[in-house]
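To keep things clear, I will list the structure first and then write my remarks on it.
Every number for a ligand or one of its atoms is a count from 1 in the order of the listing.
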Amino acid sequence: MMKGLLIVISAPSGTGKTTLVNMLMRSFPQIEFSISCTTRKPRPGEVDGKDYYFISLEEFEKKIEKNELLEWAEVYGNFYGTPKDKVLKALNEGKDVLLDIDTQGALQVKKNYPEAVLIFILPPSLKELERRLRSRGTEDEETIEKRLLIARRELSLATRYDYIIINDRLQEAFEKLKSIVTAERWKTQRVKEHFSELINDREMLQLLNT
Ligand code: ADP
Ligand code: 5GP
């Protein structure tokens, strides 16, 4: 069976990552979204086990000790991590998995799992990023300032990603995101190991394997 794709998406807060990820999940329902663990408190409307696994700092530390996380990082003063077993199991079952994680986590994933596809979403400008963050209306002034500061640090890591998408017009950005996922699925390196499952024609199969 063809192994699933590990897709990692990061963006400075307010860029439109959640919007784009939701569109992608609707368009490709077979992609599994990896639910992270976090020590952050749930926001109104967030559901434990759906948005995140909301756990205590002690529980989080235990997971690190037991090597149960594929990656983890401190983001905006809280800890976040990706449960390793679930992700590896899904990939081995041929399911594509999407991680919505920060830059520190994404680079850890690439180091430990080089086949991962890293996509960075950029806002068209810092001014527009600020406008989007404010217009979302979910953060107070202090949090907005903090996020804008961290955005600058995150932007300096964007060129380490495999792909960059500028989220100017939403629909265009979404088309690019879909194209990347589709193209990555059909890379020769991935496909060639599975010719026998994909191709029925014996002669063609022989020719491809010579
Ligand atoms: P993130 O997950 O990156 O923090 P969100 O998806 O919550 O960002 O988007 C932040 C705000 O920007 C939301 O109000 C969203 O509707 C808006 N937004 C997202 N993409 C665009 C876009 N291309 N143009 C204008 N506004 C956008
Ligand atoms: P929020 O608290 O707004 O949901 O997320 C804050 C930031 O934490 C976002 O940039 C999000 O991508 C990142 N994040 C969420 N889950 C994880 C995770 O498991 N690992 C890492 N490294 N970052 C995460």
Check the hydrophobic clustering (I, L, V, M, F, W, Y; side-chain heavy atoms under 4.5 Å; chains of links allowed) and say if Met23 and Ile9 are grouped together.
yes
Relative to the heavy atoms of Ala73, which atoms of ligand 2 are at a distance of less than 4.0 Å?
22 (N)
Report yes if the side chains of Leu57 and Phe79 come closer than 4.5 Å at any heavy-atom pair, otherwise no.
yes
Give yes or no for whether the N/O distance cutoff of 3.5 Å, strictly under, is met between Gly16 and ligand 1.
yes
Among protein heavy atoms, which lies nearest atom 10 (C) of ligand 1, and at what distance?
Gly14 O, 3.5 Å
Polar proximity ligand 2 side, Trp72 side, N/O cut 3.5 Å exclusive
no
Got the closest protein heavy atom to atom 2 (O) of ligand 1, with its distance?
Thr18 OG1, 2.4 Å
Do Glu128 and ligand 1 have an N or O pair less than 3.5 Å apart?
no
Looking only at protein heavy atoms, identify the closest one to atom 18 (N) of ligand 1 and say how far it is in Å.
Arg132 CD, 4.0 Å
At a 4.0 Å threshold, what atoms of ligand 2 neighbour a non-hydrogen atom of Thr82?
19 (O)
Nearest neighbour in protein (non-hydrogen) for atom 20 (N) of ligand 1
Asn167 ND2, 3.1 Å
What atoms of ligand 1 come within less than 4.0 Å of a heavy atom belonging to Leu170?
20 (N), 23 (N)
Shortest protein heavy-atom distance from atom 19 (O) of ligand 2, along with the residue and atom involved
Ser36 OG, 2.7 Å
When you measure from atom 10 (O) of ligand 2 to every protein heavy atom, which one gives the shortest distance, and what is it?
Lys17 NZ, 3.4 Å
Heavy atom of Ser13, distance to ligand 2 below 4.0 Å:
no
Enclosure of Lys86 NZ (heavy-atom neighbours >12, cutoff 6.0 Å)
no
Going from CG on Leu133 to CD on Glu145, what distance comes out if it is rounded to the nearest 0.5 angstrom?
10.0 Å
Heavy-atom contact check, 4.0 Å cutoff: does Glu74 meet ligand 2?
no
Pairs meeting criterion ring pair (Phe, Tyr, Trp, His ring centres under 6.0 Å) with involvement of residues 139-175, two or more places apart:
Phe120-Tyr161
Salt bridge (Lys or Arg N to Asp or Glu O under 4.0 Å) contacts in which one or both residues fall within residues 91-117, not counting sequence neighbours
Lys17-Asp100, Glu32-Lys95, Lys89-Glu93, Glu93-Lys95, Asp96-Arg185, Lys110-Asp162
Closest approach of any protein heavy atom to atom 7 (O) of ligand 1, naming residue and atom
Arg136 NH1, 2.9 Å
Does Ile101 approach ligand 2 within less than 4.0 angstrom via side chain, backbone, both or neither, non-hydrogen atoms only?
both
Based purely on interatomic distance, does Tyr80 place a nitrogen or oxygen under 3.5 Å from a nitrogen or oxygen of ligand 2?
yes
In this structure, OH of Tyr113 is separated from CG of Leu118 (nearest 0.5 Å) by 12.5 Å
I'd like to check which ligand 2 atoms, numbered from 1 as shown, lie under 4.0 Å from a non-hydrogen atom of Tyr76.
6 (C), 7 (C)
Flag yes if more than 12 heavy atoms outside Glu141 fall under 6.0 Å of its CD atom; otherwise flag no.
yes
Any luck finding a side-chain donor-acceptor pair between Ser125 and Glu128 under 3.5 Å?
no
Nearest heavy atom to atom 3 (O) of ligand 2, choosing from Arg43, Arg40, Glu139, Lys41, belongs to Arg43
Quick one: which ligand 1 atoms are inside 4.0 Å of a heavy atom on Asp168?
22 (C), 23 (N), 24 (N)
Going by heavy-atom distance to atom 14 (N) of ligand 2, choose the closest among Leu99, Ile35, Asp100, Thr18.
Asp100
Could you check Asn167 against Leu122 for side-chain contact (heavy atoms from CB on, under 4.5 Å), going step by step and ending with a plain yes or no?
CA-CA 6 Å; Asn167 181 19; Leu122 281 179; over 6 Å; no
From the options Leu129, Thr19, Val21, select the one whose nearest heavy atom is closest to atom 16 (O) of ligand 1.
Thr19
Mind telling me whether Phe60 and Trp72 have parallel, tilted or perpendicular rings, with 30° and 60° as the class edges?
perpendicular
CZ of Arg40 to OH of Tyr76, rounded to nearest 0.5 Å, is 11.0 Å
Under 4.0 Å between heavy atoms, the region of Gln108 that gets near ligand 2 turns out to be neither
Show the atoms of ligand 2 that are less than 4.0 angstrom away from any heavy atom in Gly105.
22 (N)
With a heavy-atom distance limit of 4.0 Å, tell me whether Gln104 approaches ligand 2 through its side chain, its backbone, both, or neither.
neither
